[in-house]
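Single-structure report; data block below.
All residue numbers refer to positions in the sequence shown, counting from 1. Note that the structure is predicted; figures quoted are calculated from it, not measured. When a ligand or atom number is given, it counts from 1 through the structure's own listing order.
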Amino acid sequence: MTNIFDEQLTKTHSSLRTIDWKNNIVIMIDQTKLPNKLEYVEFSDYHDVANAIKNLVVRGAPAIGVSGAFGLALAALQSKAKTKEGLLEDLGKARKVLFETRPTAVNLAWALDRIMMVAKEGKDVPTIKESVINAAKKMAEEDVQTNKKMGKHGAELFENNDTIMTHCNAGALATVGYGTALGVIRATKESGKQIKVIATETRPVMQGSRLTAFELKHDGIDVSLIADTAVGYVMAKGLVTKVIVGADRILRTGHVYNKIGTYQIALIARQHKIPFYVAAPLSTFDLKSNPEDVIIEQRKASEVTAVAGKKTAPDDIGVINPAFDMTPPELVTYIITEAGIAKPPFVESIKKLFE
Ligand code: MRU
């Protein structure tokens with residue numbers, strides 16, 4: 001694992017580029033170092049990619065998906081198999097390691113399955129290796145294009161002088177580039193509308209202050225930071241006109257799984273009649289599961305008992321640390337995707353998006 005700094009890479013697509021593939025190596029921004037250092041890490045072993053996903057070096061549903069795909073591309077290169085069957089077996093093992101990193105974001109399974117399908121279609125070892133790498137690279141490029149399409153659809157919902165609240169980081173850093181919720185914000189600004197953003201800190205690991213505030217400042221978008229506990233205050237004061245968040249998984253019923261804290265923001269927004277929008281690509285939809293099937297990732301206690309490595313709670317305190325929560329469809333105004341905007345009743349409108 002080495003660190004490189006490539007200013008040019010960050011400028012791709014006029015916003016940060018989170019993951020890339022160069023000379024058979026995966027390059028990603030180390031998001032654990034932000035906002036203090038913009039550092040890149042390089043991986044040539046898929047086990048390191050799996051660890052990077054687990055440890056939040058790379059995070060955000062679409063970024064995790066593309067990282068998984070590149071992980072499989074590395075696994076293909078690492079495989080010493082001489083037959084198609086042997087290579088598929090090695091890829092199957094790598095798929096399991098990558099899949100088991102984080103359970104809630106459905107984009108990971110989606111991306112891994114897509115690459116496995118490409119591998120199964122290949123006729124021999126060299127063609128499979130080549131097609132797996134090409135499919136992963138294509139997926140990364142498609143991610144940016146998808147976000148731009150989503151941005152165009154979503155921008156129509158925003159007006160001049162809107163102040164938009166967002167939670168966690170659903171930006172360029174959560175995708176390959178441009179972002180989902182922040183992609184819509186970028187597209188709104190690019191369409192000439194004056195907008196302001198309010199970003200929540202997003203405890204416990206501060207994706208809002210470390211990542212969203214960082215990337216919006218990087219792109220010159222007006223952003224103010226609030227503590228998570230100030231959401232009710234700013235909404236009651238009339239300081240927020242719309243909310244937009246990303247998602248890790250959306251069910252066919254419109255149940256939205258996103259960063260812990262999203263549900264309470266949706267509840268307060270409803271109390272103050274503020275529209276609550278979700279922006280996510282079709283790869284974030286899970287049309288098969290019901291709410292009781294979805295596993296909410298539980299993360300380590302130290303994320304809650306310390307801030308920036310400094311202890312803020314007594315030793316041996318019990319901790320509940322879910323990474324995500326579920327916002328029920330009745331609190332969601334619209335869901336913005338690359339295929340259009342889904343409006344209630346979501347069972348019908350989501351079905352249409354996939355037709
Ligand atoms: O734990 P994280 O940082 O991976 O959680 C990320 C989120 O909850 C994002 O809002 C979600 O993945 C949407 S990203 C476009």
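Nearest protein heavy-atom neighbour of atom 14 (S) of ligand 1: A174 CB, 3.4 Å. Nearest protein heavy-atom neighbour of atom 9 (C) of ligand 1: N258 OD1, 3.4 Å. The shortest contact between atom 15 (C) of ligand 1 and any protein heavy atom is with T180 OG1, 3.0 Å. Here the heavy atom of the protein found nearest to atom 11 (C) of ligand 1 is D248 OD1, 3.1 Å. Of the protein's non-hydrogen atoms, the one nearest atom 5 (O) of ligand 1 is K259 CE, 3.3 Å.
The existence of a salt bridge linking R17 and E141 is confirmed by a sub-4.0 Å separation between a basic side-chain nitrogen and an acidic carboxylate oxygen. Ionic pairing of R186 and E190 is not present here: no N-O contact between side-chain nitrogen and carboxylate oxygen is shorter than 4.0 angstrom.
Side-chain contact between E348 and K351 is absent, with no heavy atoms from C-beta onward closer than 4.5 Å. Residues V243 and T333 are not in side-chain contact: their nearest non-hydrogen atoms beyond the backbone lie 4.5 Å or more apart. Put simply, the side chain of N169 reaches to within 4.5 Å of the side chain of R59, judged on heavy atoms.
Shortest non-hydrogen contact noted between F70 and D20 is CE1-C, 4.3 Å. The minimum heavy-atom distance linking R102 with A323 is given by the pair NH2-CB, 4.4 Å.
Using a 4.0 angstrom heavy-atom cutoff, A323 does not count as in contact with ligand 1. Using 4.0 Å as the threshold, R102 has a heavy atom nearer than that to some atom of ligand 1. Ligand 1 is approached by P62 to a heavy-atom distance shorter than 4.0 Å. Ligand 1 is approached by N169 to a heavy-atom distance shorter than 4.0 Å.
Following chains of ILVMFWY side-chain contacts shorter than 4.5 Å, one can reach I250 starting from L287, so the two form part of one hydrophobic cluster.
For S79 (side chain) and A75 (main-chain N/O), no donor-acceptor pair under 3.5 Å exists by modelled atom type.
Near A61, the atoms of ligand 1 lying under 4.0 angstrom from a non-hydrogen atom of the residue are 12 (O), 14 (S).
Of the N or O atoms in G60, one or more lie within a sub-3.5 Å distance of an N or O in ligand 1.
Counting heavy atoms closer than 4.0 Å to ligand 1, residue A170 contributes atoms from both its backbone and its side chain. At a heavy-atom distance under 4.0 Å, no atom of T284 approaches ligand 1. Proximity of Q207 to ligand 1, defined as any heavy-atom pair under 4.0 Å, is confined to the side chain (atoms from C-beta onward).
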